[in-house]
Amino acid sequence: MPFFQALKAPVLAAAAAPTLGRPFHQLPADPRALCDLLAGLTSARSLPGGQQLHAHALKSGAVAVPILAHHLITFYSKCQLPRLSHRLFDECPRRATATWSCLISSFAQNELPHLALSAFLGLLRDGHRPNDHIFPSAAKSCAAVSDARLGAAVHSFAVRTGFGSDVFVASSLVDMYAKCGEIVDARRMFDEMPERNIVSWSGMIYGCAQMGLDEEALSLFKMVLLGDGVGIVGGDMGGVNDFTYSCIIRVCSSSTLLELGRQIHGHCVKTSFVSSSFVGSSLISLYSKCGIVEEAYRVFYEMPVRNLGAWNAMLIACAQHGHTRDAFGCFERMKNEGTKPNFITFLCMLSACSHAGLVEDGKRYFKMMEEEHGILPTTEHYATMVDLLGRAGRLPEAVEFIKQMPLEPTESVWGALLTGCRIHGDTETAAFAAARLFELGSKSCGAHMLLSSAYAAAGDFEGAARARKAMKDRGLKKETGLSWVEWDNQVHTFVSGDHHHALRDKMYAKLEELSEEAERAGYVADTSFVPRDLDGEEKKRSIASHSERLAIAFALISLPPGRPIRIMKNLRICGDCHTWIKFVSRCTGRTVIVRDNNRFHRFDGGTCSCGDYW
DNA sequence: GTAGGGTTAG
């Protein structure tokens, strides 16, 4: 069988699933036969068929047979109806360990970790002992609530009851530690495992990726790919599968290692793992994060099955690249094709609206989320709404919106307000938002810098200096502005006024030439973005060697002619650089794509894809 | 063999 057929099938929409296809009275009476039928319906996620069988079993009394009850609990779990699993469990006259196991897994699989953990305690109170099926569900639930201490308790319990070396239990514990950010414990657990399988390796690689330990993730991946990893069992393909690939692609995307990502994409094509929706989703994210949104679309369109993750990855790509109409269309198609949006989907939609300044559309999606989809907005949804209102200059409305929040505003909510204030130079609201941030104990330098920029944008350089001094007094250091560009399998990084690069002389000569050309075409330096009270010439000089300009100069002298230039940046692109790059794109005829800390800007022939709204 | 470990955002 080809690999892609062996990969997991997506959850089918209930409405499209087949029914039993035979009249009710023809169903077998024998519980065993019913179990076999139900197993088929479960793997097809056929809700109507299973419900029909359930009704029949209730009538005939077969539902009292434990094994059929277990099957039914599992059936509802896989149909993502954990409440119905719970009801069946309650109706069971006698509860075996397996009955508890089915219930716990139903909760764990359906993102109800608290219920899963309380059911785990219920099982213990009821005098049962957890087994190799139950420990993984418990570990998964600890991971979901990121409670490493509880997880460690589950771990020591598993060791004491003799399940500490079980490959399923240990893999789930590796994953639990990694998800809780305890990467050292995860690695110790992993190293001590007497036998490992694909999931243990993938979990460990994923954990490293999550913690930003790219080198370690890549070296583990190499080990497992070449079969160097001792103790790999039950794996073909040198112990990798679609999930391992999607983990390693994620490493590439978080560090924007495009060339390595492309190579791995090639591997996925050769092995047919590219048909997996996991791999597809991470490839979409890779290309989007590396600034090649066309390639992201291509991967998306070529995917044979698209799950929720794939739709969300595509929506995020649309949002980040300012393809707002595509995001709206994608959202409709997703619903029409039977995929239910989740909270991430709505974060994408709100962020798409924010990038385009579409306040009314954003409000519409925000309302729709709860009213039509029953998804309660989280603080992150509120933060994105505040971002949308603030960027659009509707700061009083944003403040009002925060006041009416049913949840306690978080750092990101106040941070979003502050971002809006910076853009529109509203120093009063900025001071208010910053005060709330400091009350929450914000230790990031971001708040101080945003406040300082808000003052600078309003022309109040004393205020700006005060904000920066307050930051210094607290022992915080400003995040250094960096720009980087990948070329010849190397990442070239630049800071403002950088003189470290081997090609510095050529770079500065190119910079000079570009600036002259831009000025001839009408570019006038706008120094109002410099948050320091320097004299005019000094300001101009400081702006003229911003890191993104150095990166562009480097790319122009290094990359082959005509090749689009892709720059990554850790801070927001400054207003003057934005104008300058527009001129450069027109004078040189080159496409320049800049990713700042929030979105992508694609400069072509003198205009930017953000429409100057960012 | 009815029950178990993995994705997608910023």
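All heavy atoms count here, side chains included; hydrogens, waters and symmetry mates do not. In what follows, every chain begins at residue 1, and chains take the letters A, B, ... in the order their sequences are listed.
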Practice problem: Return the nearest nucleotide to the side chain of A:F278; candidates are B:dT7, B:dG5, B:dA9. | Solution: B:dT7

Quiz item: Could you give the CD-to-P distance, from A:Q109 to B:dT2, as a whole number of Å?
Solution: 16 Å

Practice problem: Let me see the working for A:T384 and A:H381 under side chain to side chain donor-acceptor pair (under 3.5 Å), right down to the final yes or no. | Solution: CA-CA 5 Å; A:T384 316; A:H381 294 98; over 6 Å; no

Quiz item: Can you tell me if A:N570 uses its side chain to pair, donor with acceptor, with the backbone of A:L482 under 3.5 Å?
Solution: yes

Quiz prompt | Interatomic distance where CZ belongs to A:F107 and P belongs to B:dA3 [whole Å] | solution = 17 Å

Quiz item: Looking at the side chain of A:S281, which of B:dA9, B:dG6, B:dT7 is the nearest nucleotide?
Solution: B:dT7

Self-check item: Nucleotide B:dG1, atom C1' - distance to CD1 of A:I73 in whole Å
Solution: 16 Å

Quiz item: Are the ring of A:F243 and the six-membered base ring of B:dG6 within the stacking cut-offs of under 5.5 Å and under 30°?
Solution: no

Self-check item: Under-4.0 Å side-chain N/O to phosphate OP1/OP2 contact, A:S285 with B:dA9
Solution: yes

Exercise. From the options B:dT2, B:dG6, B:dG5, select the nucleotide whose nearest atom is closest to the side chain of A:I67.
Key: B:dT2

Exercise. With sequence neighbours excluded, tell me which residues meet side chain to side chain contact (heavy atoms under 4.5 Å, CB included) with A:N131.
Key: A:T97, A:H133, A:I134, A:F163

Exercise. Among the candidates B:dG6, B:dG5, B:dG4, find the nucleotide nearest to the side-chain atoms of A:K78.
Key: B:dG4

Exercise. Measure distances between side-chain N and O atoms of A:H71 and base N and O atoms of B:dT2, and say whether any donor-acceptor pair falls under 3.5 Å.
Key: no

Quiz prompt | Sequence neighbours excluded - side-chain hydrogen bond (donor to acceptor under 3.5 Å, both in side chains) pairs with any residue from residues 281-291 of chain A | solution = A:H265-A:Y287, A:S288-A:Q320

Quiz item: Between the base of B:dG1 and the side chain of A:H133, is there a donor-acceptor distance below 3.5 Å?
Solution: yes

Quiz item: Which nucleotide in the list B:dG5, B:dG6, B:dA9 gets nearest to the side chain of A:D242?
Solution: B:dG6

Quiz item: The side chain of A:S202 lies closest to which of these nucleotides: B:dG5, B:dT7, B:dG6?
Solution: B:dG6

Quiz item: Looking for any heavy atom pair under 4.0 Å, which part of the strands does A:D132 touch: base, sugar-phosphate only, or nothing?
Solution: base

Quiz item: Is the number of heavy atoms from other residues, nucleotides or ligands within 6.0 Å of NZ (A:K340) greater than 12?
Solution: no

Exercise. Would you state whether a donor and an acceptor, one from the side chain of A:S172 and one from the base of B:dG5, lie under 3.5 Å apart?
Key: no

Practice problem: In whole angstrom, give the distance that lies between atom CD1 of A:I249 and atom C1' of B:dT7. | Solution: 11 Å

Self-check item: Length of the line joining A:L286:CG and B:dA9:P, which is rounded to integer Å
Solution: 11 Å

Exercise. Would you mind reading off the distance between A:N312 atom CG and B:dA9 atom P, rounded to a whole angstrom?
Key: 9 Å

Quiz item: Should the pair A:R95 and A:F89 be classed as cation-pi, given the thresholds of under 6.0 Å to the six-membered ring centre and 45° from the axis?
Solution: yes

Quiz item: Does any N or O donor sit under 3.5 Å from an N or O acceptor when you compare the side chain of A:N131 with the base of B:dG4?
Solution: no

Exercise. Round to the nearest Å and state the distance from A:Y177 atom OH to B:dG5 atom P.
Key: 18 Å

Exercise. Look at A:S105 and B:dG4 and indicate whether a side-chain polar atom (N or O) is within less than 4.0 Å of OP1 or OP2.
Key: yes

Quiz prompt | Nearest-nucleotide pick for A:L347, side chain only, options being B:dA9, B:dG5, B:dG4 | solution = B:dA9

Quiz item: Nearest to the side chain of A:I316 - B:dA3, B:dG6, B:dA9?
Solution: B:dA9

Exercise. May I ask you to verify if any side-chain N or O of A:K179 is less than 4.0 angstrom from the OP1 or OP2 atom of B:dG5?
Key: no

Exercise. Return the residues of residues 91-102 of chain A meeting this criterion: a heavy atom under 4.0 Å from some atom of DNA chain B. Order them by number, or give none.
Key: A:A98, A:S101, A:C102

Quiz item: Is the A:F273-A:F243 ring centre distance short of 6.0 angstrom?
Solution: no

Quiz prompt | Salt-bridge criterion met for A:D387 and A:R391 (N-O under 4.0 Å) | solution = yes

